[in-house]
Amino acid sequence: MNGSAGPDAPLVLVTGASGYIGGRLVPALLDAGLRVRAMARHVERLQDRPWRDRVEVVEADVADPSTLARALEGVDVAYYLIHMMGGGSSFATRDRAGAQAFAAAAERAGTRRIVYLGGIHPRGEELSAHMASREEVGNILLEGAVPAVVLRAAVILGSGSASFEIMRHLAERLPVMVAPRWVRNRIQPIAVRDVLHYLVAAATLEGTPNRTFDIGGPDVLTFAELLHTCARAAGLPRRRIQVVPVLTPRLASHWIGLVTPVPTSIARPLVESLVHDAVAAESDLRDLVPDPDGGLTGVDRAIDLALARIRDLDVTTTWHSAAPAGAPSSPLPEDPEWSGGIVRRDERSRTVNASPQTLWSVIEGIGGAHGWYSWRLGWVARGLLDRVVGGPGLRRGRRHPHRLMVGEALDWWRVERLERGRLLRLRAEMRVPGDAWLELAVETSDGRTVLHQRALYHPRGLLGDAYWWAVWPFHGIVFGSMQRNIARAAENAAHDGPAATGVTAGSAGTGTPAPSHGGPGAASPTVDDEESA
């Protein structure tokens, strides 16, 4: 459906528009003929979205209730797609406060309906902290003055979703695996395209329903069977799964954090959600909403579509689309509010015998399969250490092999600022006792192309300062070789042609191996097409 919203069409607000589901829901709502206002904590993160010019964008944060009035003004339906997954020990408190503030602001604004996406869980059983928090958020919205439609889904199958990436990497990398007993629990996965179908439909449901609806796909199976299905779709032999009774969710999440790109902090709540059966208790929404054309998507087709998207570099959003609080767009140490703080710097400049455009193509292609043009062993070792302590390491890769967007993850960095052709600023999300940035800039001076490279570090206490001086002896190797190899890659590309850009580093042995999950591709303007997953 390719609708065009008229001036009288209902206005819907999508919170979490920079996240995995929110980033896909926005174009689906536009195609349904609705006017959309996209909300994000930092609007810069939406600047490169293909739908940016078709929506109104507002900067607001549920943690700051004073910002919500403007976001909700004139809104008919508000989608609440915010959850502090991996947000530290206080996430439940922040989840609760955010939901209460949003419900109150929606009431003051006269909003007709709130739509929330939660998780399926059995009733009457003790839930994990994250599942309990999601249930509490749903209940807060249901108990508010504004009627709420709370959709509950189990595992979401779609390219780039955290649950799918965990499943896919386990199936691809481990022909034999030791697994806890809960891999035999029954789950009812749902394709992301069907989740979007129900979310869009929730905006126009007749009446004033104020209740939960379970949503699921047509298949019910165990997680072990899901792993076998994913392996078969990838053309791999059937996996051997040895079930043991002693592998706790905590241990399992640490193992997943080492084997897959999904860090432990994100894996743990997902693992904990599998401890119970996750099967829809009812299907009442299907009585109110027609099935999508062709019916609900079965597990086999959902996995095939997701793998095809990954192979074709056509993944619109990923699990790491959402960033933790404070990034990106947090101030640099040189900004006024940092006045008086200790700032450590490593700054280098170099003339490059290539055009600014060629140099920029190398810079924007950094990371992922192209690597970091630096001491490979050092980067790999630091990435492995980061994974061990629960950080992202290098396995998040990059969304697209050649093009970046503000706010997206790039290995253990987050793209904080992007002035295409001129400046790339990355903020570190690895576990480090301080705040760190890496800047790569292109300048033309007296007809020459100049590469400026700057690493900034704001230590946190004595431990942070000790960390800087502990790694300082390696800066010449890491940052010096990075600058030399970026310049060399650009010069080789200028000599050999555009096809050489990004390849030279690998052939020179300076790049990091490509993550097996592949880089997601260029964003598509719509996800509700026949082949979306």
Side-chain angles (χ1 to χ4, degrees), residues 12-30 36-52 55 57-63 68 71 78-87 91 94-95 98-99 102 114-119 130 133-134 137-138 151 153 155-166 190 192-193 195-196 198-200 202 261-263 265-267 269-270 315-329 392 396 398-399 405-410 414-416 429 520 523-524 527-528 532-533:
V12 298
L13 173 71
V14 178
T15 66
S18 60
Y20 177 72
I21 292 293
R24 298 186 180 212
L25 178 61
V26 168
L29 291 167
L30 290 169
V36 177
R37 178 181 293 159
M39 172 178 140
R41 284 185 289 117
H42 304 293
V43 295
E44 296 88 352
R45 296 192 57 207
L46 303 179
Q47 69 183 30
D48 291 324
R49 301 298 173 116
W51 39 260
R52 172 62 180 85
V55 305
V57 170
V58 61
E59 188 167 272
D61 188 349
V62 296
L68 296 177
Y79 288 86
Y80 192 76
L81 303 175
I82 297 173
H83 178 55
M84 308 298 178
M85 181 175 283
F91 72 90
R94 290 180 285 136
D95 267 344
F102 192 82
I114 295 174
V115 181
Y116 174 65
L117 179 62
H130 277 272
S133 180
R134 296 185 75 174
V137 167
L151 304 183
V155 172
I156 295 177
L157 300 179
S159 55
S161 81
S163 53
F164 180 73
E165 288 300 291
I166 287 174
I190 183 170
V192 65
R193 64 199 307 266
V195 173
L196 296 174
Y198 286 127
L199 283 170
V200 171
V262 181
S265 59
I266 301 296
L270 295 174
V315 179
T316 54
T317 60
T318 69
W319 61 270
H320 48 63
S321 297
S329 301
R396 292 192 302 192
R398 47 179 296 148
R399 182 191 58 85
M405 293 194 306
V406 172
E408 69 179 350
L410 176 59
R414 180 78 56 176
V415 180
E416 182 164 284
E429 290 186 345
S524 168
V527 299
D528 200 20
S532 65

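FYI, the numbering just counts along the sequence from 1.
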Measure across [X] and [Y] and return the closest heavy-atom pair with its distance rounded to 0.1 Å.
| X | Y | answer |
| --- | --- | --- |
| L196 | I21 | CD2-O, 4.3 Å |
| R134 | L117 | NH2-O, 3.4 Å |
| A40 | L46 | CB-CD1, 4.0 Å |
| G160 | Y20 | C-CE1, 3.6 Å |
| A38 | V55 | CB-CG2, 4.3 Å |
| G158 | V192 | CA-CG1, 3.8 Å |

[atom2] on [Y] to [atom1] on [X], rounded to 0.5 Å:
| X | Y | atom1 | atom2 | value |
| --- | --- | --- | --- | --- |
| I190 | L157 | CD1 | CG | 9.0 Å |
| R398 | E408 | CZ | CD | 7.0 Å |
| H42 | E59 | NE2 | CD | 7.0 Å |
| D95 | H130 | CG | NE2 | 8.5 Å |

> Can you tell which of V115, V195, L81 makes a side chain to side chain contact (heavy atoms under 4.5 Å, CB included) with L25?
Replying inline: L81
Would you say that [X] contacts [Y] through its side chain, given a criterion of any heavy-atom pair below 4.5 Å between the two side chains?
| X | Y | result |
| --- | --- | --- |
| F102 | I114 | yes |
| H83 | S133 | yes |
| M39 | V62 | yes |

> Looking at residues at least two apart in the chain, or sitting in another chain, which of them share a side chain to side chain donor-acceptor pair (under 3.5 Å) with T15?
Replying inline: none
Expected output: side-chain [X] to main-chain [Y] donor-acceptor under 3.5 Å:
| X | Y | result |
| --- | --- | --- |
| Y79 | L199 | yes |
| R396 | L410 | no |
| R49 | S18 | yes |

>> Please enumerate all residues that pass ring-ring contact (aromatic ring centres under 6.0 Å, His included) together with Y116, with sequence neighbours excluded.
In response: none
>> Using the rule given for side-chain contact (heavy atoms from CB on, under 4.5 Å), can you reason through R414 versus R45, listing the C-alpha separation, both sets of side-chain angles and the distance that settles it, and then say yes or no?
In response: CA-CA 11 Å; R414 180 78 56 176; R45 296 192 57 207; 4.0 Å; yes
